[in-house]
Each structure stands twice: as C-alpha cells, then as structure tokens.
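Here's the structure we're looking at; comments come further down.
In this chain, residues are counted from 1 in sequence order.
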Amino acid sequence: MKITRDEEFRIYAAPLQGFTEHPFRRAHAELYGHCDGSVAEMEYFTPFVRVEKGKVRGRDLRDADAALGLQVRVTPQVICRDADEFRVAVDTLVEHGHRRIDLNLGCPFPPQVKRGRGAGLLLRPECLSEIALEMDRWKSDVDFSVKMRVGVRDSAEWQLAVERVNAMPLRFVTVHPRTAAQQYRGELDMAAFAEIAQALAHKVIFNGEIHSPSDIDELRGRFPGLHGVMTGRGLLCRPSLAAEWYEGEEWPVKKRREMTLQLHERLREEYDTRLSGGPLQLLAKLKPMWEYFGADFDRKAVKKVVKAGTLAGYDAAVKAL
C-alpha cells in the first residue's frame with residue numbers, strides 16, 4: 001500500500017538526548033525523507049529546550065535554530081517546571097522564528113520529575129491550566145502539541161491532567177503508555193492508552209516500542225482513529241523505518257545496512273568538523289550510536305566498533321561491517 005503526501009496519518013521522529021541533534025536530523029532527512037514522490041516529509045522533535053537562570057540554554061536554542069531555513073521539518077520540544085519557564089521558552093523560540101512547539105509531559109527521568117518537569121507536570125493540574133493560558137496567547141501564531149505519559153507511578157494519573165490538556169489549543173497529543181517510574185522498561189499499558197485516546201479532545205499519536213513497519217500496521221488496526229505514530233529508539237535502530245512504511249514494503253537487510261553506513265558516514269564527517277576535542281571526543285560521540293545503528297549488523301562485528309580505542313581502529317572496524 002502506498003501512502004500519499006495528503007494522507008493524514010503521519011510518522012514523527014521522537015528526540016533522544018545526545019543522538020538526534022541537528023546533524024542527525026539533517027542527514028536522516030536527506031537520506032530517508034524523500035525516498036520517492038509519495039513519501040511524506042518526516043517531522044523531527046528536538047531534544048529538550050529548557051530554561052536555566054531565566055533564559056533558554058544557548059546550546060538548546062542553537063540546536064533548534066539550526067534547521068531554520070532548511071528543508072527539514074523540526075519542532076522544538078520544551079520541558080518546563082511552570083508557566084513562567086514555558087513563557088520564556090515560547091517567547092524566545094517565537095522570536096527566533098519557530099512556529100511549532102511541543103510541550104513535554106512525558107520525560108521519565110527522576111531528576112526532572114522530582115522538580116515537577118516532564119511527567120511530573122501531570123500531577124500539577126493548576127500549572128497546566130496556567131500553561132494553557134500561555135498557549136492561548138500565541139495560538140494564532142504557533143501550532144502547539146503535547147507529549148505525555150499515562151502517569152508518574154500509576155497508569156491512571158493521566159486523569160488528573162486530561163481536562164487541562166483538552167483545554168489547550170493543540171494540533172495533537174502524543175501518548176507513551178508507560179508510567180515515568182517504568183521509564184523505558186516493562187509492558188506498554190495498551191488499555192490505559194485506549195482510555196486516554198477516548199478521553200482526549202485532540203488528535204492522538206502513539207509512541208512506544210515501534211520497531212518495524214508491521215508494528216505500525218498493527219497499531220493502525222488496533223486503534224483505527226490514530227492520527228500517527230512517533231518513534232525514537234526504533235528509528236535509530238532502523239533508520240529506514242518510516243521510509244519503508246510509506247513505500248509499502250520492507251527493505252532487504254543488505255539495503256538497510258548500506259543506508260545506515262551512509263548515515264553514519266555523514267555523521268562522522270559532520271562531527272569531525274564540529275567537534276574540537278580531537279579523535280577521542282569524536283569517538284566518544286560516535287561509538288554510543290552503535291547501540292542503535294548496530295541492530296542490523298553482526299553483533300561481534302559491532303562489538304569491535306564499540307571497543308575500538310583509536311580513530312583508525314574505529315574506522316577499520318566500521319569498514320569491516
């Protein structure tokens with residue numbers, strides 16, 4: 001089945017801190033985003049844009065701004081403690097030219113949750129109401145969205161937040177059906193997802209454990225009203241995932257490997273230019289990617305890549321792939 005550009009169902013790229021910054025987004029969009037005339041453009045969400053000492057962190061803003069003026073659809077994802085931080089982040093991003101902004105209500109990492117950010121905001125409905133007012137201020141100029149979990153420790157805690165989320169002017173809500181306490185472990189709570197999808201007044205995106213085109217088809221069959229899916233780790237393990245689904249057929253492993261190596265080569269060249277710390281810093285940036293990129297390759301061969309102690313040894317191990 002071919003999916004045309006005007007098909008409403010879409011696939012979105014979730015952010016992973018340390019992996020999906022601008023170099024990855026641009027290289028991935030160029031290699032996989034336009035595989036043929038029927039393939040819809042990917043939309044990429046940035047790693048967290050956060051406020052520190054009253055202003056947006058410089059490196060977060062630089063990463064979000066890198067896509068401006070390029071043919072890459074990028075949406076900054078804001079993580080905040082309250083409406084004041086949200087206001088500073090949105091005002092700054094709008095001033096820089098961004099017109100799509102995502103609010104993170106799903107980050108599961110304890111240091112953020114304890115400070116009331118990410119999934120921690122689900123337990124603070126009064127703050128969500130204040131954030132909704134801030135969104136209203138910009139709703140004619142900015143397309144907002146939300147990414148959320150089903151709760152912090154209990155998969156019914158979403159009920160505390162759903163009315164406030166429904167009051168927000170959103171283009172969609174992305175739901176990851178785990179609690180923050182689970183982080184990325186344990187079973188997805190599909191029953192909770194079904195309840196949330198029914199209760200939300202907005203279009204719904206599914207996020208979580210999407211590793212193959214057939215996973216997407218299965219979700220569409222199970223939840224016919226889905227607006228789309230968002231994939232993060234699955235897309236890093238299988239960078240061709242969205243392209244394969246849009247094209248309507250799975251790629252042979254050989255083609256997937258060849259394309260992953262092309263993606264890696266672009267990233268290697270980009271980081272070699274960007275990073276100023278020499279070979280060791282370059283290795284420290286590239287080697288962790290093989291936790292994901294290595295999914296389609298022989299495990300022993302990938303292990304040699306990850307264990308390489310010099311840049312020459314690393315390049316030789318990658319070439320052997």
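- Taking the six-membered ring where the residue is Trp, His28 and Tyr44 present perpendicular rings, their angle passing 60° and hence far from 30°.
- Within a 6.0 Å sphere centred on NZ of Lys303, heavy atoms belonging to other residues, nucleotides or ligands number 12 at most.
- For the pair Arg124 and Asp82, the salt-bridge criterion is not met [side-chain N within less than 4.0 Å of a carboxylate O].
- When the shell of 6.0 Å around CD of Glu126 is examined, it contains more than 12 heavy atoms from other residues, nucleotides or ligands.
- Taking the six-membered ring where tryptophan is involved, the planes of Phe144 and Phe86 are tilted, since the angle between them lies from 30° to 60°.
- For Arg59, the side chain to side chain donor-acceptor pair (under 3.5 Å) criterion is met by no residue, not counting sequence neighbours.
- Ion pairing between Asp296 and Arg256 holds under the 4.0 Å rule for side-chain N and carboxylate O.
- Counting only distance, with no hydrogens or angles, the side chain of Gln112 and the backbone of Phe109 share no donor-acceptor pair below 3.5 Å.
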Exercise for the section: Show your working on side chain to side chain donor-acceptor pair (under 3.5 Å) between Glu43 and Thr75 and close with a plain yes or no. Expected result: CA-CA 7 Å; Glu43 181 174 336; Thr75 297; 2.6 Å; yes
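- Within 6.0 Å of CD in Glu218 there are 12 or fewer heavy atoms belonging to other residues, nucleotides or ligands.
- The neighbour count for Glu52 CD, taken as heavy atoms of other residues, nucleotides or ligands under 6.0 Å away, is above 12.
- Classification of the Trp245-Phe9 ring pair by plane angle, with boundaries at 30° and 60°, yields tilted.
- At a threshold of 4.5 Å between non-hydrogen side-chain atoms, the residues His227 and His202 do not count as touching.
- In the displayed structure, Arg137 atom CZ is contacted under 6.0 Å by more than 12 heavy atoms of other residues, nucleotides or ligands.
- Note: Phe172 and Tyr12 have tilted aromatic rings, judged against thresholds of 30 and 60 degrees for the angle between ring planes.
- The residue from Lys255, Gln262, Lys254 that alone fulfils the side chain to side chain donor-acceptor pair (under 3.5 Å) condition with Glu258 is Lys254.
- The backbone N or O of Gln77 lies less than 3.5 Å from no partner atom in the side chain of Asn104, so there is not a single donor-acceptor pair.
- A ring-ring contact (aromatic ring centres under 6.0 Å, His included) with His264 is found for one member of Tyr271, Phe24, Phe297, Trp290 and no other, namely Trp290.
- No single ILVMFWY cluster, assembled from side-chain heavy atoms under 4.5 Å apart, contains both Ile205 and Val165.
- Salt-bridge check for Asp84 with Arg87: passed, with a basic side-chain N closer than 4.0 Å to an acidic carboxylate O.
- Distance alone, capped at 3.5 Å, places no donor-acceptor pair between the Ser240 side chain and the Glu244 backbone.
- Between Glu209 and Arg233 there is a salt bridge, since at least one side-chain N of the basic residue sits less than 4.0 Å from a carboxylate O of the acidic one.
- Using a 4.0 Å cut-off between charged side-chain N and carboxylate O, Glu85 and Arg115 make no salt bridge.
- Between Lys304 and Asp298 there is no salt bridge, since none of the side-chain N atoms of the basic residue sits less than 4.0 Å from a carboxylate O of the acidic one.
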Run the salt bridge (charged side-chain N to carboxylate O under 4.0 Å, His left out) check on Glu270 and Arg266 step by step: do they pass? CA-CA 6 Å; Glu270 178 84 8; Arg266 292 200 185 196; over 6 Å; no
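- Other residues, nucleotides and ligands contribute at most 12 non-hydrogen atoms within 6.0 Å of the CD atom of Glu163.
- Ionic pairing of Asp272 and Arg268 is present here: one or more N-O contacts between side-chain nitrogen and carboxylate oxygen are shorter than 4.0 angstrom.
- Side-chain atoms of Leu123 and Leu160, non-hydrogen and from C-beta on, do get closer than 4.5 Å to each other.
- A side-chain donor-acceptor contact under 3.5 Å links Glu21 to the backbone of Gly18.
- Using a 4.5 Å cut-off between side-chain heavy atoms of Ile, Leu, Val, Met, Phe, Trp and Tyr, with links allowed through other members, Met42 and Phe206 fall into the same hydrophobic cluster.
- A donor-acceptor pair under 3.5 Å links the side-chain atoms of Asp63 to the main chain of His22, judged by distance alone.
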